[in-house]
Amino acid sequence: MLVGCLVIAGCSTARTSVVRSISPASSSVEKSTVANHKISEETTTGKETSSRYTTSKTTLPPETPDDQVPADETSSTIQLANSEVQDAETLGAVTTASEQTAALQEASSSSGQVSTPPAGGGDEFMEGSLLPGRIRQEIPPSPGNADEIPIAGDERVSPPLVLTSVIDSVYMSFPLLRNALYGRNIANGANLAAQGAFDLKLNADLNNQPLGYYQTYRNGFDIAQPVLQNGGEVIAGYRAGRGNFEPWYGNRQTNDGGEFMAGLAIPLLQNRAIDKRRAELWITQVGQSKVEPEIKTQLLQFIRDSTIAYWEWVAAGQGLRVARELQALALDRDQQIRATVQEGDRPESDIIDNQRLIVARQVKLIEAEQKLQSSAVKLSLYLRDAAGNPFIPPNSMLPARFPTPMLVTPEVLEADIAFATSRRPELLALDFDRQQLSIELLRAQNELLPTLGAHVLATKDVGGPTSSINDKGPFQGEAGLQFTVPLQRRNANGKIMMVEGKLAQNMAKRQFTADKISVEVRTAVIALENAYRAIGQASASVRLNEEMQRFETIRLNEGASDLLRLNLREQATFDARVQEVLALLGYFAAEADYKAATAAELPEEILAPAN
């Protein structure tokens with residue numbers, strides 16, 4: 001299913017959007033001013049909660065002329081609707097998650113695509129098999145769902161596709177996200193391998209010398225357990241030595257029952273606080289935590305790319321609608337011209353001229369159709385069916401219009417930067433890198449210390465004595481020290497120099513990343529603000545060109561104009577509408593960049609999708 005495929009848990013950081021709505025139909029612009037601007041961070045059960053700000057509304061005089069405000073429904077064929085909640089005037093029913101999913105499955109089956117479940121029962125992650133959860137209980141209603149008008153020639157077979165479904169599909173079955181999630185398996189496997197250095201070890205040996213003057217038979221085994229806390233090792237074992245041993249190897253002989261042994265070795269200086277085995281274990285443990293921000297970094301990019309692909313598809317649909325409306329004008333006028341030519345009111349050349357317009361506009365229509373098909377194919381990389389196969393949305397799933405753009409409030413720009421700095425996973429990944437380098441530094445500093453180790457060994461033979469004096473019978477104990485020190489220590493000093501250099505690189509990279517995040521947020525806010533203004537200008541241009549086209553049509557009907565002038569007016573209106581579509585696309589692409597820059601919609605925890 002495209003919806004409800006992933007459990008997002010612990011999303012405690014709620015972020016209020018920093019955009020405000022300006023009603024395009026009103027004569028005065030109602031703007032939201034930021035009051036009681038406050039940012040407070042609280043630590044609750046280890047999670048950061050950001051209290052963004054509160055807003056109060058006041059009515060201010062418009063800062064721009066009315067013709068810069070996005071045109072209302074009477075001035076533009078491209079209508080604007082709210083992106084999150086439908087207008088109060090919208091009468092369509094709310095599209096639920098189950099309806100959206102059923103529609104996608106129905107459309108997938110009707111388009112001839114065969115959905116087959118993946119072989120093997122799905123992927124298994126280290127967390128185990130996860131039951132499918134829901135990202136959102138309800139999909140927000142589609143923009144313009146009340147008066148949805150499909151593109152001419154398309155049959156409405158399903159509700160319009162909403163952006164929520166595309167993002168949910170990314171969470172559920174986007175291959176590159178699953179590729180990123182497999183990083184957990186790699187990190188967990190590396191940690192498990194590092195734990196193997198502390199496995200209980202069994203050693204056994206069998207040495208027999210059946211030929212020769214001295215015939216000996218020796219066998220034994222021991223169990224060794226490395227100690228994680230102090231780098232030591234505990235050993236216990238048993239051996240038996242029988243036969244005629246060389247006098248100089250008399251210690252190999254045991255009593256008839258064999259010899260039991262137990263001992264302990266502990267480092268006192270080098271390798272006591274940290275050694276190679278523990279360093280590898282701790283580094284891989286940090287690596288398990290580091291993989292999560294790496295996954296989130298990629299997820300932010302996937303959501304941004306899928307969002308832009310969705311809006312490009314919507315814009316291509318709007319462009320096709322405009323192209324069809326332009327062609328329809330020429331087609332509808334053809335019969336009128338033929339009638340007036342037959343009556344003798346127009347020359348016959350007007351018929352040919354209008355046919356020329358029909359052919360020229362048909363070329364534009366073909367280009368628009370090709371662009372829509374290409375954008376739908378591109379969107380299918382992110383929009384997938386229940387089996388994970390790319391789903392190419394049909395034209396019948398196109399929304400009627402773009403959502404309503406909202407003006408960004410630059411007053412909270414600094415708050416956005418602070419919020420993004422606390423949320424962006426790249427900084428957290430660099431912090432984990434620094435933790436791993438700190439462990440490497442401790443390991444290198446450890447090698448500067450001299451090696452001083454202590455060991456204690458106790459043995460006891462059992463059974464009948466092998467000699468008359470029973471020299472193997474008494475309890476035996478041994479203790480000792482070993483000391484080693486490199487005089488120059490160039491190996492350790494070289495490693496310390498390398499790690500310190502990497503730590504300095506990490507600090508410089510982190511500073512640059514923080515600055516880059518700040519720049520990305522500022523750039524996104526600037527792009528949003530300028531895109532909003534561009535929409536106002538484009539809407540005003542559409543309204544003015546439509547007025548001039550209407551006047552020219554009246555003049556043509558009165559015989560005061562000709563087809564050439566009307567064609568120029570219609571072409572100018574078409575170009576203005578295309579620019580309005582491009583302005584809207586630019587706005588929502590900038591909004592996708594803004595959301596990615598602030599990581600506002602990034603979940604606290606990402607669980608592996610279940611199959």
Side-chain angles (χ1 to χ4, degrees), residues 193-209 216-243 245-284 439-463 465-467 469-493 495-496:
Q195 294 178 27
F198 298 91
D199 288 347
L200 184 66
K201 296 177 178 62
L202 173 64
N203 303 307
D205 62 272
L206 179 64
N207 297 284
N208 296 327
Q209 187 178 333
T216 60
Y217 303 90
R218 296 180 294 121
N219 55 78
F221 72 91
D222 64 78
I223 298 177
Q225 174 62 65
V227 181
L228 177 62
Q229 287 75 14
N230 54 26
E233 188 175 66
V234 178
I235 186 172
Y238 171 85
R239 70 182 183 92
R242 297 180 179 83
F245 287 87
E246 300 89 335
W248 52 88
Y249 286 142
N251 62 325
R252 295 180 176 178
Q253 188 176 20
T254 65
N255 286 348
D256 292 342
E259 179 187 80
F260 291 92
M261 176 267 296
L264 172 65
I266 301 177
L268 301 179
L269 292 177
Q270 187 179 122
N271 297 333
R272 180 172 180 83
I274 187 174
D275 58 9
K276 179 180 179 180
R277 297 176 299 180
R278 283 177 286 173
E280 291 294 332
L281 178 62
W282 296 337
I283 288 175
T284 56
I439 296 173
E440 288 284 359
L441 181 60
L442 290 176
R443 177 181 170 184
Q445 293 172 344
N446 170 71
E447 296 182 7
L448 287 175
L449 300 174
T451 300
L452 179 61
H455 71 273
V456 178
L457 182 66
T459 62
K460 181 67 173 70
D461 283 50
V462 295
T466 58
S467 64
I469 61 176
N470 193 21
D471 57 336
K472 300 289 184 179
F475 179 86
Q476 298 180 11
E478 177 185 332
L481 293 174
Q482 299 86 33
F483 179 80
T484 304
V485 58
L487 298 180
Q488 292 176 299
R489 305 179 186 177
R490 289 181 294 183
N491 182 44
N493 286 323
K495 290 182 179 179
I496 291 175

Open item on the list: So L228 and R277, do their side chains get closer than 4.5 Å, heavy atoms only?
Closed with: no
- [ ] Under the side-chain contact (heavy atoms from CB on, under 4.5 Å) rule, what do M261 and Q476 come out as? Steps first, then yes or no, please.
- [x] CA-CA 10 Å; M261 176 267 296; Q476 298 180 11; over 6 Å; no
TODO: Supply the atom-to-atom distance I496 CD1 to E440 CD, rounded to the nearest 0.5 angstrom.
DONE: 12.0 Å
Task: Closest approach of P450 to F483 (non-hydrogen atoms, all atoms of both residues) - done: CB-CE1, 3.7 Å
Task: Over all atoms of both residues, closest heavy-atom pair of A444 and A492 - done: O-CB, 3.9 Å
- [ ] Verify, without hydrogens or angle tests, whether K495 (side chain) and L441 (backbone) share a donor-acceptor contact under 3.5 angstrom.
- [x] no
Open item on the list: Any heavy-atom pair between the side chains of T466 and D461 that's under 4.5 Å?
Closed with: no
TODO: With rounding to the nearest 0.5 Å, note down the distance linking OH in Y217 to CZ in R242.
DONE: 12.0 Å
Task: Heavy-atom closest pair, residues D275 and G231 - done: OD2-CA, 4.0 Å
Open item on the list: Nearest 0.5 Å, please: how far is CG in N491 from CG in L448?
Closed with: 9.5 Å
- [ ] Quick one: list whatever passes salt bridge (Lys or Arg N to Asp or Glu O under 4.0 Å) with E233, sequence neighbours left out.
- [x] none
- [ ] Flag the pair K276 and E447 as a salt bridge only when some basic side-chain nitrogen lies within less than 4.0 angstrom of an acidic carboxylate oxygen.
- [x] no
Open item on the list: Quick check for you: to the nearest 0.5 Å, what is the distance between N207 atom CG and T216 atom OG1?
Closed with: 8.0 Å
Open item on the list: Can you give me the closest heavy-atom contact between P465 and N470, atom names plus distance?
Closed with: CB-OD1, 3.3 Å
- [ ] Give the minimum heavy-atom separation between R443 and A279, together with the two atoms involved.
- [x] CD-CB, 3.7 Å
Open item on the list: Does anything in residues 249-273 form a side chain to side chain donor-acceptor pair (under 3.5 Å)? List the pairs, not counting sequence neighbours.
Closed with: R239-E259, N271-N446
Task: Point-to-point distance, once rounded to the nearest 0.5 Å, from CG of L452 to CD1 of I266 - done: 11.5 Å
Open item on the list: Test your reading of the model: is there a side-chain donor-acceptor pair from Q225 to the backbone of F198, 3.5 Å cut-off?
Closed with: yes
TODO: May I have the step-by-step check of side chain to side chain donor-acceptor pair (under 3.5 Å) for N203 and D205, ending in yes or no?
DONE: CA-CA 7 Å; N203 303 307; D205 62 272; over 6 Å; no
Task: Expected output: side-chain R489 to main-chain L449 donor-acceptor under 3.5 Å - done: no
Open item on the list: Rounded to the nearest 0.5 Å, what separates atom CZ in R278 from atom CG in N230?
Closed with: 7.0 Å
Open item on the list: Using every non-hydrogen atom in the two residues, find where Q482 and G480 come nearest and quote the distance to one decimal.
Closed with: NE2-C, 4.1 Å
- [ ] Find out whether H455 and E478 are in side-chain contact, i.e. whether some heavy atom of one side chain is under 4.5 Å from a heavy atom of the other.
- [x] yes
